[in-house]
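The structure appears below as structure tokens.
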Amino acid sequence: MDFDFEVAMGRLAEISSLMAKNEISLDESLKLYNEAAGLVGKCEKYLDEAKLVVEQAEMKEDRK
């Protein structure tokens, strides 16, 4: 399955909202935190790869 950046960002927003309500247990907070940390890592990797694609495209354009 391909990584969907927009879905991941939506889930991060949902997790943030859930944690801000302070209505969940510490155990659930820790699970959500770990999920969010994983999603943030995947989003950062995705953005790094996207930046590389843009930089490579710009280099190709500069060679023309």
Side-chain angles (χ1 to χ4, degrees):
M1 184 173 103
D2 289 288
F3 179 73
D4 190 323
F5 182 81
E6 287 77 17
V7 170
M9 292 300 293
R11 180 61 180 151
L12 284 169
E14 182 181 348
I15 290 170
S16 177
S17 177
L18 288 169
M19 293 183 77
K21 291 180 183 177
N22 294 322
E23 297 173 359
I24 57 176
S25 68
L26 178 58
D27 187 51
E28 186 63 22
S29 291
L30 290 172
K31 288 177 185 175
L32 290 171
Y33 178 85
N34 283 329
E35 181 184 352
L39 287 170
V40 166
K42 289 178 182 179
C43 286
E44 287 176 341
K45 181 180 177 191
Y46 181 86
L47 290 172
D48 288 343
E49 290 171 359
K51 180 180 177 184
L52 182 60
V53 168
V54 169
E55 288 171 350
Q56 289 173 345
E58 288 175 345
M59 286 175 57
K60 286 181 183 178
E61 187 62 33
D62 288 344
R63 291 184 193 151
K64 289 184 179 181

Residues passing the side-chain contact (heavy atoms from CB on, under 4.5 Å) test with Glu35, sequence neighbours excluded, are Arg11, Ile15, Leu32, Leu39
Given the options Lys51, Gln56, Glu58, Val54 meets side chain to side chain contact (heavy atoms under 4.5 Å, CB included) only with Glu58
Exercise. Counting only heavy atoms not in Tyr33, do more than 12 fall under 6.0 Å of its OH?
Worked result: no
The reported gap from CG in Asn34 to OG in Ser29 (rounded to nearest 0.5 angstrom) is 11.0 Å
### Message
Ring-plane angle category for Tyr46 and Phe3, please: parallel below 30°, perpendicular beyond 60°, tilted otherwise.
### Response
tilted
Under a 4.5 Å side-chain heavy-atom rule over Ile, Leu, Val, Met, Phe, Trp and Tyr, are Val40 and Leu30 clustered together? no
